[in-house]
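Some notes on the structure that comes next.
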Amino acid sequence: MMKRFLSCVLFLFVYLSFERGVIAAEQSKPNMVVIFIDDLGYADIGPFGATKQKTPNLDRMAAEGMKLTSFYAAPVCSVSRAQLLTGCYGARVSVPGVFFPGNANGLHPAETTVAERLRELGYATACIGKWHLGDQAEFLPTNQGFDRYFGIPYSNDMRKKELGGTEPVCPLLRNDKVIELLTDEQQSRIVERYTDEATDFLRENKDRPFFLYLPHNAVHTPIHPGKAFQGKSANGRFGDWVEEMDWSVGRVFTTLKELSLDEKTLVLFTSDNGPWLIRGSDGGSALPLRGGKGSTWEGGVRVPTIARWPGRIKPNSVCDTVASTIDWMPTAVSLAGGTLPDKPIMDGRDISPLLFGESDVSQREAHYYFSGYKLQAVRQGPWKLAIVPQPDSGQKNDADAKTNPRLYNLEKEIGEVTNVADRHPEIVRNLLSLAEQMNSRIGGDQPTERRPAGECKDPKTLYPMEPDKPKTDNPSTKSSQPKKPIDLTKLKPGDAVSAIDAPQIGGRPFTIECTIPTKARDGILIAHGGTLMGYALHLKDGNVIFAIRNKSGVAQVEAALPSAPSPCTIVASIHTDGSLRLQVADQAAVTEKGSGLIPSQPKEDFCVGHDNGDSVVEYSVKSTFLDVEKIVIVVH
């Protein structure tokens with residue numbers, strides 16, 4: 001009996017010791033909060049120079065923590081979020097740009113997110129706000145490592161009329177269910193509602209480690225500040241919304257202090273990309289940086305970032321060492337006591353030595369600036385080398401951006417004005433070598449290390465929407481005469497036309513006709529668009545391909561070139577119902593069902609014989625194709 005009693009006592013002792021050990025380990029893990037703002041520019045908050053809108057809570061956060069002044073995101077929404085959550089450049093995980101409602105693609109469920117890693121380590125996880133990594137069920141947050149989700153699943157401007165409805169709306173989800181359809185007016189409460197959800201999550205999980213991901217829709221257009229903030233700033237409604245966003249940050253900090261969690265919590269505040277400058281007064285500022293959202297100039301991807309962790313991060317400190325959203329995953333897992341496997345490959349590195357002031361050396365060899373799958377620049381230390389033309393936020397190339405490569409010393413001149421490539425040939429050679437290596441791995445048309453995107457076989461929108469209608473002329477001004485073809489015959493291979501001057505095909509059926517007097521089997525004929533939307537006519541392995549990209553993905557029709565090397569006329573069309581038709585020479589036409597019209601005018605240049613931007617599709621050859629002529633496009 002005594003032996004059994006002693007065995008029970010020993011078992012109880014071991015069990016309680018184990019439980020205490022588990023509790024102690026749990027208590028030693030820091031809580032983590034990432035506040036991710038949409039389209040917030042480098043100069044849009046007080047710690048980075050804003051004066052027209054007041055941000056007292058962020059001012060205090062910077063005073064109590066660290067400003068990271070060379071912290072990088074990505075040019076646009078979806079890719080930036082993929083980088084933060086996976087620790088990889090968007091090109092590696094096949095998230096090149098922006099996902100639209102009902103898109104077939106999203107972040108592949110096989111990718112392991114930081115939320116999944118932290119949940120394995122005992123963390124409660126929540127995503128509250130803008131998701132934008134695919135709106136099909138398998139791509140939503142609760143299938144990507146988050147215990148709960150509340151938010152608008154994409155940008156707040158991606159609103160459509162509900163079937164039979166009278167005004168555009170955005171879906172608000174709880175987990176994977178639509179609980180409301182928000183009108184523009186109702187969006188004015190979205191910051192308040194996100195903040196309430198976030199603080200509730202903090203209170204509910206105060207006794208265990210947690211990861212709160214709070215990606216606001218603010219300050220993306222359309223701008224909808226709450227009523228309490230309307231007219232309060234000196235910078236119009238944009239400044240009003242920035243001030244409400246700052247108020248939300250203050251609520252998070254107040255709640256952490258109330259729960260005695262302030263010194264146990266790392267908070268990272270940053271933005272997904274630079275300001276949307278083409279939106280004017282609604283678009284923010286990146287000064288003194290050049291460029292804005294959509295570009296790989298510093299203003300498009302270098303974002304205002306602050307980290308705070310009382311007792312661990314030195315107050316009022318500044319770090320100008322290169323770091324990025326891709327570094328969040330390895331940093332968070334390391335701080336949580338976990339380790340990452342060698343595979344799959346991750347681009348980010350643990351930057352806790354930078355945060356804790358233990359080092360001022362970048363944890364990565366270089367930082368790479370991708371626009372879609374196209375590598376446009378690379379940075380190492382103070383040196384940034386641009387290797388291709390970099391369109392600005394309006395997708396136009398400034399005169400000085402046409403000379404490549406271009407080398408900038410960002411420590412001496414943050415505004416990227418003076419090209420010093422001719423003075424530092426060795427640095428140029430070194431950076432070109434790094435760029436070529438990375439581009440071969442995950443960039444361009446034939447990468448060796450790119451992982452696939454997620455793809456839904458039967459994509460649907462989250463609520464029944466009114467179908468897109470083709471744009472038509474005003475009946476009162478519509479002529480009874482046939483439309484005059486847009487004659488582009490004066491263009492030569494290698495030429496480019498701005499989106500404004502190109503054929504206006506948004507929401508319209510159109511027909512392309514051209515002649516190729518050559519026996520070439522690969523190359524680009526016509527390209528207009530990028531990773532968001534557009535069209536391309538190109539040759540691949542002796543076949544002509546007419547490809548259309550819209551929110552549903554890529555649809556294409558293909559026909560073989562004739563074997564004879566004589567001149568060949570190609571006619572490609574997209575019809576009102578989205579179907580595609582392609583006729584090559586006198587062969588029978590080929591048709592495909594397609595996936596709808598291109599909803600709006602592509603913002604990229606219209607290119608003949610080449611493609612100077614992100615590709616609508618992958619080409620077998622992207623160099624100039626010298627033998628395309630007699631181009632005519634008719635917009636119906």
Side-chain angles (χ1 to χ4, degrees), residues 33-63 77 128-130 150-152 155-159 167-170 172 180 182-202 212 214-258 267 269-277 279-286 293 303-306 308:
V33 177
V34 173
I35 302 174
F36 208 47
I37 309 302
D38 202 353
D39 290 3
L40 187 74
Y42 196 76
D44 284 334
I45 60 175
F48 285 77
T51 57
K52 291 185 177 180
Q53 55 261 6
K54 305 301 181 184
T55 56
N57 293 297
L58 288 168
D59 294 346
R60 185 164 54 252
M61 182 181 182
C77 303
I128 297 169
K130 174 181 173 178
F150 177 82
I152 297 173
S155 294
N156 65 326
D157 65 339
M158 293 181 177
R159 55 216 195 283
E167 59 182 312
V169 291
C170 273
L172 180 67
E180 294 178 44
L182 302 177
T183 64
D184 279 5
E185 181 180 356
Q186 290 170 325
Q187 281 197 37
S188 64
R189 288 198 59 229
I190 200 63
V191 170
E192 176 189 355
R193 295 182 70 176
Y194 286 172
T195 307
D196 288 345
E197 289 280 336
T199 53
D200 286 348
F201 172 77
L202 298 180
L212 169 62
L214 181 54
H216 282 281
N217 287 92
V219 288
H220 192 290
T221 61
I223 305 295
H224 291 295
K227 288 184 179 179
F229 296 88
Q230 293 173 10
K232 299 297 184 181
S233 79
N235 197 22
R237 59 187 180 184
F238 176 83
D240 296 347
W241 221 11
V242 172
E243 292 193 358
E244 183 176 20
M245 173 270 299
D246 178 79
W247 163 85
S248 174
V249 171
R251 281 274 310 276
V252 170
F253 282 126
T254 297
T255 304
L256 290 173
K257 288 181 179 179
E258 288 176 355
V267 181
F269 173 95
T270 190
S271 177
D272 67 341
N273 47 247
W276 207 351
L277 299 179
R279 297 301 187 187
S281 60
D282 282 347
S285 170
K293 175 180 178 175
V303 289
T305 303
I306 308 171
R308 178 185 181 273

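We use all heavy atoms of the structure for the numbers below, so side chains are in, but hydrogens, waters and symmetry mates are not. Each residue takes its place number in the sequence, starting with 1.
The two residues Ile306 and Leu58 have their closest heavy-atom pair at CD1-O, 3.8 Å. Residue Pro275 comes nearest to Gly284 through the heavy atom pair CB-C, 3.7 Å, listed as atom of the first residue, atom of the second, then distance. Shortest non-hydrogen contact noted between Ile152 and Leu172 is N-CD1, 4.0 Å. When all heavy atoms of Asp157 and Thr221 are compared, the closest pair comes out as CB-O, 3.4 Å. The shortest non-hydrogen separation linking Ile128 to Pro215 is O-CD, 3.0 Å. Nearest approach of Thr55 to Gly46, heavy atoms of both residues: OG1-N, 2.8 Å.
Counting only distance, with no hydrogens or angles, the side chain of Asn57 and the backbone of Ser248 share no donor-acceptor pair below 3.5 Å. The closest donor-acceptor contact from the side chain of Gln186 to the backbone of Thr183 lies under 3.5 Å. Side-chain atoms of Gln187 come within 3.5 Å of backbone N or O of Asn156 as a donor-acceptor pair.
At a threshold of 4.5 Å between non-hydrogen side-chain atoms, the residues Phe253 and Arg60 do not count as touching. Contact of the Pro222 side chain with the Arg159 side chain is registered, since non-hydrogen atoms from C-beta on lie closer than 4.5 Å.
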> Between His224 and Ile190, does a side-chain contact (heavy atoms from CB on, under 4.5 Å) hold up when you go through it step by step?
Replying inline: CA-CA 9 Å; His224 291 295; Ile190 200 63; over 6 Å; no
> Where do Leu40 and His216 land on the side-chain contact (heavy atoms from CB on, under 4.5 Å) test, with the steps shown first?
Replying inline: CA-CA 11 Å; Leu40 187 74; His216 282 281; over 6 Å; no
> For Phe36 and Leu214, what are the C-alpha separation, side-chain angles and deciding distance, and is it a side-chain contact (heavy atoms from CB on, under 4.5 Å)?
Replying inline: CA-CA 6 Å; Phe36 208 47; Leu214 181 54; over 6 Å; no
>> Could you go through Val169 and Leu182, starting from their C-alpha distance and side-chain angles, then the distance that decides it, and tell me whether this counts as side-chain contact (heavy atoms from CB on, under 4.5 Å)?
In response: CA-CA 5 Å; Val169 291; Leu182 302 177; 5.9 Å; no
>> Working note: Ser155 + Lys130, criterion side-chain hydrogen bond (donor to acceptor under 3.5 Å, both in side chains); need CA distance, chi angles, decisive distance, verdict.
In response: CA-CA 7 Å; Ser155 294; Lys130 174 181 173 178; 2.8 Å; yes
Between side-chain atoms of residues 47-54 and protein atoms elsewhere (two or more places apart, or another chain), which donor-acceptor pairs fall under 3.5 Å?
from	atom 1	to	atom 2	distance (Å)
Gln53	OE1	Asn235	ND2	2.8
Gln53	NE2	Asp44	O	3.0
Lys54	NZ	Thr51	O	3.3

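A cation-pi arrangement is absent between Arg279 and Phe238, since the terminal nitrogen or guanidinium carbon is not both under 6.0 Å from the aromatic centre and inside a 45° cone about the axis.
Exactly one of Asp272, Asn273, Asp39, Asp38 qualifies for a side-chain hydrogen bond (donor to acceptor under 3.5 Å, both in side chains) with Lys293. That residue is Asp39.
A side-chain donor-acceptor contact under 3.5 Å links Trp241 and Glu244.
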